[in-house]
Amino acid sequence: MTTLLTGISVGMGALVVLLLALLVVRWRSDTRTDERVAEVVASLNDRMDELGRELAGALERAEEEGRRSRIFGELAGSIDLDEVLSRALEAAGALEGADAALVMLPDTQGGKPLVATLGLSVEEAEQHAIAGPPDGRLARSITMSYTYPQLERQEESGNGEIIHAGLAVPLPGEAQTLGYLTVFTRTQGHQYSDDDIRQLETLALRAGPAIENARRFREARQLADLDALTGLHNRRYFHEALARECARAHRYERKLALIVFDLDDFKDVNDRIGHLAGDAVLAEAAERVRDVVRTADTACRVGGDEFAVILPESSLEDADQLYRRILSAVSSRPLGQAGKLYLSAGVAELRPEDDPVSFFQRADDALYRAKEGGKGRVVSAKPRLGPA
(Lines give C-alpha, C1' and ligand atoms only; values in the text may rest on other atoms or scores of the structure.)
Protein backbone atom coordinates (compact mmCIF):
# COMPACT_ATOMS: atom_id res chain seq x y z
CA MET A 1 0.00 0.00 0.00
CA THR A 2 2.87 2.39 0.82
CA THR A 3 4.47 1.61 -2.57
CA LEU A 4 1.21 2.42 -4.37
CA LEU A 5 0.82 5.73 -2.56
CA THR A 6 4.43 6.62 -3.34
CA GLY A 7 3.93 5.78 -7.01
CA ILE A 8 0.83 7.93 -7.23
CA SER A 9 2.63 10.84 -5.57
CA VAL A 10 5.58 10.55 -7.97
CA GLY A 11 3.21 10.40 -10.94
CA MET A 12 1.40 13.53 -9.82
CA GLY A 13 4.70 15.32 -9.35
CA ALA A 14 5.85 14.31 -12.83
CA LEU A 15 2.66 15.62 -14.35
CA VAL A 16 3.10 18.96 -12.62
CA VAL A 17 6.67 19.23 -13.96
CA LEU A 18 5.48 18.34 -17.46
CA LEU A 19 2.79 20.98 -17.29
CA LEU A 20 5.31 23.63 -16.27
CA ALA A 21 7.60 22.58 -19.10
CA LEU A 22 4.80 22.92 -21.62
CA LEU A 23 3.98 26.37 -20.36
CA VAL A 24 7.62 27.41 -20.70
CA VAL A 25 7.81 25.98 -24.23
CA ARG A 26 4.66 27.81 -25.19
CA TRP A 27 6.07 31.06 -23.84
CA ARG A 28 9.24 30.61 -25.92
CA SER A 29 7.63 29.48 -29.16
CA ASP A 30 4.97 31.25 -31.11
CA THR A 31 4.49 28.30 -33.50
CA ARG A 32 2.30 26.28 -31.16
CA THR A 33 -1.38 27.10 -31.13
CA ASP A 34 -3.50 27.79 -28.10
CA GLU A 35 -5.72 24.87 -29.08
CA ARG A 36 -2.88 22.36 -28.78
CA VAL A 37 -1.91 23.66 -25.38
CA ALA A 38 -5.51 23.54 -24.24
CA GLU A 39 -5.76 19.89 -25.32
CA VAL A 40 -2.60 19.00 -23.41
CA VAL A 41 -3.81 20.85 -20.31
CA ALA A 42 -7.19 19.08 -20.50
CA SER A 43 -5.44 15.73 -20.85
CA LEU A 44 -3.28 16.53 -17.83
CA ASN A 45 -6.35 17.55 -15.85
CA ASP A 46 -8.03 14.23 -16.67
CA ARG A 47 -4.94 12.34 -15.60
CA MET A 48 -4.72 14.35 -12.38
CA ASP A 49 -8.37 13.51 -11.66
CA GLU A 50 -7.68 9.84 -12.33
CA LEU A 51 -4.67 9.88 -10.02
CA GLY A 52 -6.77 11.61 -7.38
CA ARG A 53 -9.37 8.87 -7.60
CA GLU A 54 -6.68 6.21 -7.36
CA LEU A 55 -5.26 7.95 -4.31
CA ALA A 56 -8.69 8.14 -2.66
CA GLY A 57 -9.27 4.45 -3.42
CA ALA A 58 -5.87 3.54 -2.03
CA LEU A 59 -6.60 5.45 1.17
CA GLU A 60 -10.00 3.78 1.47
CA ARG A 61 -8.42 0.33 1.00
CA ALA A 62 -5.77 1.19 3.57
CA GLU A 63 -8.45 2.19 6.10
CA GLU A 64 -10.40 -1.01 5.36
CA GLU A 65 -7.26 -3.12 5.81
CA GLY A 66 -6.55 -1.39 9.10
CA ARG A 67 -10.12 -1.98 10.30
CA ARG A 68 -9.91 -5.63 9.29
CA SER A 69 -6.58 -6.08 11.06
CA ARG A 70 -8.10 -4.55 14.19
CA ILE A 71 -11.05 -6.95 14.09
CA PHE A 72 -8.74 -9.93 13.53
CA GLY A 73 -6.68 -8.85 16.52
CA GLU A 74 -9.82 -8.53 18.65
CA LEU A 75 -10.99 -11.98 17.58
CA ALA A 76 -7.78 -13.56 18.79
CA GLY A 77 -7.76 -11.48 21.97
CA SER A 78 -11.05 -12.67 23.51
CA ILE A 79 -12.05 -15.96 25.12
CA ASP A 80 -15.73 -15.09 25.60
CA LEU A 81 -17.78 -17.00 23.01
CA ASP A 82 -20.55 -14.40 22.70
CA GLU A 83 -18.00 -11.65 22.17
CA VAL A 84 -16.02 -13.65 19.59
CA LEU A 85 -19.18 -14.50 17.65
CA SER A 86 -20.33 -10.89 17.79
CA ARG A 87 -17.02 -9.62 16.38
CA ALA A 88 -16.95 -12.27 13.66
CA LEU A 89 -20.48 -11.32 12.60
CA GLU A 90 -19.59 -7.63 12.68
CA ALA A 91 -16.64 -8.25 10.38
CA ALA A 92 -18.75 -10.39 8.03
CA GLY A 93 -21.52 -7.82 7.96
CA ALA A 94 -19.01 -5.12 6.99
CA LEU A 95 -18.07 -6.92 3.76
CA GLU A 96 -19.30 -5.23 0.59
CA GLY A 97 -22.85 -6.24 -0.28
CA ALA A 98 -23.52 -7.96 3.06
CA ASP A 99 -26.75 -6.92 4.77
CA ALA A 100 -26.79 -9.71 7.36
CA ALA A 101 -24.57 -12.47 8.72
CA LEU A 102 -25.06 -15.78 10.49
CA VAL A 103 -22.93 -18.39 12.25
CA MET A 104 -24.31 -21.86 12.93
CA LEU A 105 -22.36 -24.29 15.14
CA PRO A 106 -23.82 -27.81 15.43
CA ASP A 107 -23.83 -29.15 18.98
CA THR A 108 -21.05 -31.70 19.49
CA GLN A 109 -23.37 -33.80 21.69
CA GLY A 110 -26.18 -33.89 19.14
CA GLY A 111 -28.26 -31.22 20.84
CA LYS A 112 -29.64 -27.96 19.51
CA PRO A 113 -27.12 -26.04 17.35
CA LEU A 114 -25.76 -22.67 18.44
CA VAL A 115 -26.94 -19.92 16.09
CA ALA A 116 -25.67 -16.33 16.24
CA THR A 117 -26.95 -13.63 13.87
CA LEU A 118 -26.49 -10.03 12.81
CA GLY A 119 -29.26 -8.26 10.89
CA LEU A 120 -31.60 -11.26 10.88
CA SER A 121 -34.75 -11.97 12.82
CA VAL A 122 -35.06 -15.22 14.77
CA GLU A 123 -37.40 -16.59 12.10
CA GLU A 124 -35.01 -15.67 9.28
CA ALA A 125 -32.07 -17.22 11.12
CA GLU A 126 -33.93 -20.52 11.53
CA GLN A 127 -34.94 -20.55 7.86
CA HIS A 128 -31.56 -19.64 6.39
CA ALA A 129 -29.10 -21.52 8.64
CA ILE A 130 -26.62 -23.52 6.54
CA ALA A 131 -25.60 -27.04 7.62
CA GLY A 132 -23.55 -27.95 4.53
CA PRO A 133 -24.07 -30.22 1.50
CA PRO A 134 -26.67 -33.01 1.94
CA ASP A 135 -24.08 -35.77 1.44
CA GLY A 136 -21.90 -34.46 4.28
CA ARG A 137 -18.99 -33.39 2.09
CA LEU A 138 -17.04 -30.24 2.89
CA ALA A 139 -17.72 -27.51 0.34
CA ARG A 140 -15.33 -24.60 -0.19
CA SER A 141 -18.30 -22.28 -0.46
CA ILE A 142 -22.06 -22.44 -0.86
CA THR A 143 -24.08 -19.81 -2.71
CA MET A 144 -27.84 -19.46 -2.36
CA SER A 145 -30.29 -17.55 -4.52
CA TYR A 146 -33.88 -17.02 -3.41
CA THR A 147 -36.79 -16.31 -5.72
CA TYR A 148 -40.27 -15.38 -4.56
CA PRO A 149 -43.07 -16.21 -7.02
CA GLN A 150 -45.57 -14.22 -5.03
CA LEU A 151 -43.52 -11.04 -5.49
CA GLU A 152 -43.84 -10.42 -9.20
CA ARG A 153 -43.45 -6.67 -9.38
CA GLN A 154 -39.98 -5.13 -9.32
CA GLU A 155 -40.82 -2.65 -6.59
CA GLU A 156 -42.10 -5.42 -4.33
CA SER A 157 -39.22 -7.87 -4.80
CA GLY A 158 -36.57 -5.21 -4.45
CA ASN A 159 -37.85 -3.50 -1.33
CA GLY A 160 -34.78 -4.37 0.76
CA GLU A 161 -36.75 -6.29 3.37
CA ILE A 162 -36.25 -9.90 2.26
CA ILE A 163 -33.18 -12.06 1.66
CA HIS A 164 -32.32 -12.53 -2.03
CA ALA A 165 -28.95 -14.31 -1.90
CA GLY A 166 -26.41 -15.76 0.47
CA LEU A 167 -22.82 -16.97 0.58
CA ALA A 168 -21.49 -19.47 3.13
CA VAL A 169 -17.98 -20.75 3.84
CA PRO A 170 -16.89 -23.35 6.42
CA LEU A 171 -15.38 -22.31 9.74
CA PRO A 172 -12.23 -24.44 10.12
CA GLY A 173 -11.48 -26.08 13.46
CA GLU A 174 -8.43 -27.91 14.68
CA ALA A 175 -9.75 -31.37 13.78
CA GLN A 176 -12.96 -30.73 11.87
CA THR A 177 -15.22 -28.02 10.50
CA LEU A 178 -17.03 -26.12 13.26
CA GLY A 179 -19.93 -24.92 11.14
CA TYR A 180 -20.57 -22.27 8.52
CA LEU A 181 -20.18 -18.50 8.35
CA THR A 182 -22.82 -17.01 6.06
CA VAL A 183 -23.52 -13.54 4.70
CA PHE A 184 -26.77 -12.48 3.06
CA THR A 185 -27.89 -9.66 0.80
CA ARG A 186 -31.29 -8.05 0.50
CA THR A 187 -30.38 -6.60 -2.92
CA GLN A 188 -32.17 -8.24 -5.81
CA GLY A 189 -29.92 -9.66 -8.54
CA HIS A 190 -26.74 -9.55 -6.43
CA GLN A 191 -24.15 -12.18 -7.35
CA TYR A 192 -21.13 -13.12 -5.24
CA SER A 193 -17.74 -13.06 -6.93
CA ASP A 194 -14.56 -15.06 -6.36
CA ASP A 195 -13.19 -12.04 -4.50
CA ASP A 196 -16.21 -12.14 -2.14
CA ILE A 197 -15.49 -15.81 -1.46
CA ARG A 198 -11.80 -15.11 -0.77
CA GLN A 199 -12.62 -12.28 1.65
CA LEU A 200 -15.14 -14.40 3.56
CA GLU A 201 -12.69 -17.32 3.61
CA THR A 202 -9.99 -15.08 5.06
CA LEU A 203 -12.35 -14.01 7.82
CA ALA A 204 -13.43 -17.61 8.49
CA LEU A 205 -9.79 -18.74 8.75
CA ARG A 206 -9.22 -16.15 11.50
CA ALA A 207 -12.60 -16.60 13.20
CA GLY A 208 -12.60 -20.42 13.27
CA PRO A 209 -9.74 -20.94 15.78
CA ALA A 210 -10.99 -18.06 17.96
CA ILE A 211 -14.51 -19.53 18.07
CA GLU A 212 -13.17 -23.01 18.82
CA ASN A 213 -11.03 -21.76 21.72
CA ALA A 214 -13.90 -19.72 23.16
CA ARG A 215 -16.29 -22.65 22.82
CA ARG A 216 -13.88 -24.97 24.63
CA PHE A 217 -13.53 -22.41 27.40
CA ARG A 218 -17.31 -22.14 27.76
CA GLU A 219 -17.71 -25.93 27.85
CA ALA A 220 -14.96 -26.24 30.45
CA ARG A 221 -16.56 -23.51 32.52
CA GLN A 222 -19.94 -25.22 32.29
CA LEU A 223 -18.41 -28.49 33.47
CA ALA A 224 -16.77 -26.65 36.36
CA ASP A 225 -20.20 -25.28 37.31
CA LEU A 226 -21.82 -28.74 37.52
CA ASP A 227 -21.98 -31.14 40.40
CA ALA A 228 -20.28 -34.35 39.25
CA LEU A 229 -22.74 -36.68 41.01
CA THR A 230 -26.11 -35.14 40.17
CA GLY A 231 -25.43 -33.07 37.04
CA LEU A 232 -27.12 -30.07 38.69
CA HIS A 233 -25.29 -26.80 39.24
CA ASN A 234 -22.89 -26.91 42.16
CA ARG A 235 -22.71 -24.82 45.34
CA ARG A 236 -20.30 -22.22 43.93
CA TYR A 237 -22.49 -21.62 40.90
CA PHE A 238 -25.58 -21.43 43.11
CA HIS A 239 -24.20 -18.56 45.18
CA GLU A 240 -22.98 -16.73 42.04
CA ALA A 241 -26.36 -17.13 40.33
CA LEU A 242 -28.26 -16.13 43.47
CA ALA A 243 -26.21 -12.94 43.82
CA ARG A 244 -26.77 -12.13 40.14
CA GLU A 245 -30.52 -12.73 40.29
CA CYS A 246 -30.90 -10.76 43.53
CA ALA A 247 -29.12 -7.78 41.98
CA ARG A 248 -31.30 -7.95 38.86
CA ALA A 249 -34.52 -8.29 40.85
CA HIS A 250 -33.64 -5.31 43.07
CA ARG A 251 -32.55 -3.18 40.11
CA TYR A 252 -35.69 -3.76 38.03
CA GLU A 253 -38.07 -4.31 40.97
CA ARG A 254 -38.88 -7.83 39.84
CA LYS A 255 -39.98 -10.83 41.88
CA LEU A 256 -37.59 -13.61 42.86
CA ALA A 257 -38.31 -16.79 44.82
CA LEU A 258 -36.11 -19.51 46.31
CA ILE A 259 -36.70 -23.11 47.38
CA VAL A 260 -34.25 -24.94 49.66
CA PHE A 261 -35.06 -28.61 50.31
CA ASP A 262 -33.51 -31.92 51.30
CA LEU A 263 -34.39 -35.60 51.51
CA ASP A 264 -35.87 -36.57 54.86
CA ASP A 265 -33.81 -39.03 56.97
CA PHE A 266 -31.18 -39.41 54.25
CA LYS A 267 -28.49 -40.15 56.85
CA ASP A 268 -30.44 -43.24 57.89
CA VAL A 269 -30.68 -44.23 54.23
CA ASN A 270 -26.90 -44.07 53.89
CA ASP A 271 -26.44 -46.10 57.04
CA ARG A 272 -28.89 -48.72 55.76
CA ILE A 273 -27.85 -49.16 52.11
CA GLY A 274 -24.35 -47.68 52.07
CA HIS A 275 -22.90 -44.51 50.58
CA LEU A 276 -22.53 -45.82 47.02
CA ALA A 277 -26.19 -46.80 46.86
CA GLY A 278 -27.00 -43.52 48.58
CA ASP A 279 -25.17 -41.62 45.85
CA ALA A 280 -27.31 -43.41 43.26
CA VAL A 281 -30.41 -42.28 45.14
CA LEU A 282 -29.22 -38.66 45.08
CA ALA A 283 -28.50 -38.86 41.36
CA GLU A 284 -31.96 -40.27 40.62
CA ALA A 285 -33.66 -37.66 42.82
CA ALA A 286 -31.77 -34.90 41.01
CA GLU A 287 -32.89 -36.25 37.64
CA ARG A 288 -36.52 -36.12 38.76
CA VAL A 289 -36.04 -32.55 39.98
CA ARG A 290 -34.52 -31.55 36.65
CA ASP A 291 -37.55 -32.98 34.83
CA VAL A 292 -40.06 -30.69 36.59
CA VAL A 293 -38.28 -27.34 36.98
CA ARG A 294 -38.83 -24.66 34.34
CA THR A 295 -36.10 -23.78 31.86
CA ALA A 296 -35.84 -20.35 33.48
CA ASP A 297 -35.22 -21.89 36.94
CA THR A 298 -31.77 -22.80 38.27
CA ALA A 299 -31.61 -26.10 40.15
CA CYS A 300 -28.50 -26.72 42.28
CA ARG A 301 -27.03 -29.15 44.76
CA VAL A 302 -25.76 -27.01 47.61
CA GLY A 303 -24.27 -29.84 49.68
CA GLY A 304 -24.95 -33.41 50.80
CA ASP A 305 -28.63 -34.11 50.22
CA GLU A 306 -29.58 -30.42 50.25
CA PHE A 307 -30.80 -28.79 47.04
CA ALA A 308 -32.00 -25.35 46.00
CA VAL A 309 -33.96 -23.89 43.07
CA ILE A 310 -33.79 -20.22 42.10
CA LEU A 311 -37.05 -19.01 40.50
CA PRO A 312 -36.75 -15.68 38.60
CA GLU A 313 -39.92 -13.65 38.08
CA SER A 314 -41.68 -15.79 40.70
CA SER A 315 -43.64 -15.30 43.91
CA LEU A 316 -43.91 -17.30 47.12
CA GLU A 317 -46.96 -19.04 45.66
CA ASP A 318 -44.99 -20.05 42.56
CA ALA A 319 -42.28 -21.53 44.78
CA ASP A 320 -44.87 -23.45 46.80
CA GLN A 321 -46.39 -24.90 43.61
CA LEU A 322 -42.98 -25.97 42.30
CA TYR A 323 -42.15 -27.62 45.62
CA ARG A 324 -45.31 -29.70 45.34
CA ARG A 325 -44.40 -30.77 41.78
CA ILE A 326 -40.92 -31.73 42.98
CA LEU A 327 -42.37 -33.62 45.94
CA SER A 328 -44.71 -35.54 43.63
CA ALA A 329 -41.92 -36.36 41.18
CA VAL A 330 -39.51 -37.56 43.87
CA SER A 331 -41.90 -39.29 46.25
CA SER A 332 -44.41 -40.85 43.86
CA ARG A 333 -42.28 -43.96 43.33
CA PRO A 334 -39.29 -45.61 45.04
CA LEU A 335 -35.81 -44.10 44.71
CA GLY A 336 -33.48 -47.01 44.02
CA GLN A 337 -32.73 -49.17 47.07
CA ALA A 338 -33.97 -46.46 49.41
CA GLY A 339 -37.64 -46.93 48.62
CA LYS A 340 -39.98 -43.97 48.88
CA LEU A 341 -38.50 -40.79 50.31
CA TYR A 342 -40.08 -37.46 51.15
CA LEU A 343 -38.85 -33.88 51.07
CA SER A 344 -38.85 -31.00 53.49
CA ALA A 345 -38.53 -27.50 52.07
CA GLY A 346 -38.29 -23.85 52.96
CA VAL A 347 -39.48 -21.24 50.46
CA ALA A 348 -38.79 -17.52 50.42
CA GLU A 349 -39.58 -14.49 48.29
CA LEU A 350 -37.01 -11.71 47.91
CA ARG A 351 -37.74 -8.62 50.00
CA PRO A 352 -36.34 -5.10 49.52
CA GLU A 353 -34.09 -5.47 52.58
CA ASP A 354 -32.63 -8.83 51.45
CA ASP A 355 -29.14 -9.41 50.17
CA PRO A 356 -28.15 -12.83 48.73
CA VAL A 357 -26.89 -14.12 52.08
CA SER A 358 -29.93 -13.10 54.10
CA PHE A 359 -32.26 -14.33 51.34
CA PHE A 360 -30.69 -17.79 51.40
CA GLN A 361 -30.56 -17.80 55.20
CA ARG A 362 -34.28 -17.10 55.47
CA ALA A 363 -35.12 -19.99 53.13
CA ASP A 364 -32.65 -22.31 54.89
CA ASP A 365 -34.10 -21.42 58.30
CA ALA A 366 -37.58 -22.20 56.95
CA LEU A 367 -36.30 -25.62 55.82
CA TYR A 368 -35.17 -26.49 59.33
CA ARG A 369 -38.48 -25.33 60.78
CA ALA A 370 -40.20 -27.66 58.30
CA LYS A 371 -38.09 -30.60 59.49
CA GLU A 372 -38.74 -29.76 63.12
CA GLY A 373 -42.46 -29.60 62.39
CA GLY A 374 -42.68 -33.19 61.23
CA LYS A 375 -40.83 -33.35 57.87
CA GLY A 376 -42.43 -33.96 54.50
CA ARG A 377 -43.75 -30.41 54.48
CA VAL A 378 -42.97 -26.90 53.25
CA VAL A 379 -42.61 -23.76 55.38
CA SER A 380 -42.52 -20.17 54.16
CA ALA A 381 -39.67 -17.95 55.31
CA LYS A 382 -40.27 -15.16 57.75
CA PRO A 383 -39.31 -11.56 56.94
CA ARG A 384 -35.88 -10.55 58.13
CA LEU A 385 -36.06 -8.61 61.37
CA GLY A 386 -33.57 -5.90 62.33
CA PRO A 387 -30.26 -5.12 60.64
CA ALA A 388 -28.42 -7.81 58.72
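Here the structure is a predicted model, which is why all the values come from computation and not from measurement.
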So Leu203 and Gln199, side-chain contact (heavy atoms from CB on, under 4.5 Å) or not? Walk me through it.
CA-CA 6 Å; Leu203 174 58; Gln199 289 189 55; over 6 Å; no

Indicate, with yes or no, if [Y] and [X] share a hydrophobic cluster defined by side-chain heavy-atom contacts under 4.5 Å among Ile, Leu, Val, Met, Phe, Trp and Tyr.
X	Y	answer
Leu335	Leu232	yes
Tyr237	Leu81	no
Val293	Leu263	yes
Val379	Phe307	no
Val309	Leu341	yes

Provide the closest heavy-atom pair for [X] versus [Y] in the form atom of the first, atom of the second, distance.
X	Y	result
Ala214	Val84	CB-CG2, 4.1 Å
Leu226	Gly231	CD2-O, 3.6 Å
Ala363	Ala381	N-CB, 4.2 Å
Pro356	Ala243	CG-CA, 3.6 Å
Asp99	Arg186	OD2-N, 2.7 Å
Ala370	Ala345	CB-O, 3.6 Å

Please list, one pair per line, the donor and acceptor atoms closer than 3.5 Å that link side chains of residues 166-178 to other protein atoms, with sequence neighbours excluded.
{"unit_1": "Glu174", "atom_1": "OE1", "unit_2": "Arg216", "atom_2": "NH1", "d": "3.3"}
{"unit_1": "Glu174", "atom_1": "OE1", "unit_2": "Arg216", "atom_2": "NH2", "d": "3.4"}

Restricting to side-chain hydrogen bond (donor to acceptor under 3.5 Å, both in side chains), what partner residues turn up for Ser193, sequence neighbours left out?
Asp196

Test: Arg221 and Asp225 ion pair at under 4.0 Å:
yes

Between Arg290 and Glu287, is there a salt bridge with N-O shorter than 4.0 Å?
no

Between His190 and Tyr192, how do the two ring planes meet: parallel, tilted or perpendicular, split at 30° and 60°?
perpendicular

Taking it one step at a time, do Phe184 and Met144 satisfy side-chain contact (heavy atoms from CB on, under 4.5 Å)?
CA-CA 9 Å; Phe184 299 96; Met144 296 79 67; 4.0 Å; yes

May I have the list of side-chain donor-acceptor pairs in residues 267-275 shorter than 3.5 Å, sequence neighbours left out?
{"unit_1": "Lys267", "atom_1": "NZ", "unit_2": "Asp271", "atom_2": "OD2", "d": "3.3"}
{"unit_1": "Arg272", "atom_1": "NH2", "unit_2": "Ala338", "atom_2": "O", "d": "3.4"}

Atom pair [atom1]/[atom2] of [X] and [Y] - distance to nearest 0.5 Å:
X	Y	atom1	atom2	value
Ser380	Tyr323	OG	OH	11.5 Å
Thr117	Leu102	OG1	CG	6.5 Å
Leu120	Thr182	CG	OG1	9.5 Å
Asn213	Arg218	CG	CZ	14.0 Å
Asp355	Arg351	CG	CZ	14.5 Å
Leu181	Leu85	CG	CG	10.0 Å

Asp365 side chain to Arg362 main-chain N or O, any donor-acceptor pair under 3.5 Å?
no

Between Thr202 (side chain) and Leu200 (backbone), is there a donor-acceptor pair under 3.5 Å?
no

Given side chains that start at C-beta, do those of [X] and [Y] come closer than 4.5 Å, heavy atoms only?
X	Y	answer
His164	Thr187	no
Leu343	Asp262	no
Pro312	Asp297	yes
Leu322	Arg294	no

ring-ring contact (aromatic ring centres under 6.0 Å, His included) partners of Phe360, counting only residues at least two apart:
Phe238, His239

I'd like to know whether Arg236 forms a salt bridge (Lys or Arg N to Asp or Glu O under 4.0 Å) with Glu240, so could you lay out the CA-CA distance, the side-chain angles of the two residues, the decisive distance to 0.1 Å, and finally the verdict.
CA-CA 6 Å; Arg236 178 186 60 79; Glu240 290 178 355; 3.0 Å; yes

Would you check, one step at a time, whether the test salt bridge (Lys or Arg N to Asp or Glu O under 4.0 Å) holds for Asp291 with Arg288?
CA-CA 5 Å; Asp291 288 341; Arg288 296 184 189 183; over 6 Å; no

A quick test of your reading: do over 12 heavy atoms of other residues, nucleotides or ligands sit less than 6.0 Å from OH of Tyr368?
no

Take a 6.0 Å sphere around CD of Gln191 and say whether it holds more than 12 heavy atoms from other residues, nucleotides or ligands.
no

Output side-chain donor-acceptor pairs under 3.5 Å for residues 249-260, partner residues at least two apart or in another chain, one line each.
{"unit_1": "His250", "atom_1": "NE2", "unit_2": "Asp354", "atom_2": "O", "d": "2.8"}
{"unit_1": "Arg254", "atom_1": "NE", "unit_2": "Glu313", "atom_2": "OE1", "d": "3.1"}
{"unit_1": "Arg254", "atom_1": "NE", "unit_2": "Glu313", "atom_2": "OE2", "d": "3.3"}
{"unit_1": "Arg254", "atom_1": "NH2", "unit_2": "Glu313", "atom_2": "OE1", "d": "3.0"}

Just jot down the side chain to side chain contact (heavy atoms under 4.5 Å, CB included) partners of Asp227, sequence neighbours excluded, or say none.
Leu229, Thr230, Asn234, Arg301

Evaluate the side-chain contact (heavy atoms from CB on, under 4.5 Å) criterion for residues Lys371 and Arg377: first the C-alpha distance (whole Å), next the side-chain angles of each, then the deciding distance (0.1 Å), finally the verdict.
CA-CA 8 Å; Lys371 299 182 79 66; Arg377 55 184 295 185; over 6 Å; no

I'd like to know whether Asp320 forms a salt bridge (Lys or Arg N to Asp or Glu O under 4.0 Å) with Arg324, so could you lay out the CA-CA distance, the side-chain angles of the two residues, the decisive distance to 0.1 Å, and finally the verdict.
CA-CA 6 Å; Asp320 182 77; Arg324 298 188 187 283; 3.0 Å; yes

The test is side-chain contact (heavy atoms from CB on, under 4.5 Å); show your working for Phe261 and Val378 and say whether it passes.
CA-CA 9 Å; Phe261 64 93; Val378 60; over 6 Å; no

I'd like to know whether Glu245 forms a salt bridge (Lys or Arg N to Asp or Glu O under 4.0 Å) with Arg248, so could you lay out the CA-CA distance, the side-chain angles of the two residues, the decisive distance to 0.1 Å, and finally the verdict.
CA-CA 5 Å; Glu245 291 296 338; Arg248 188 184 71 86; 3.2 Å; yes

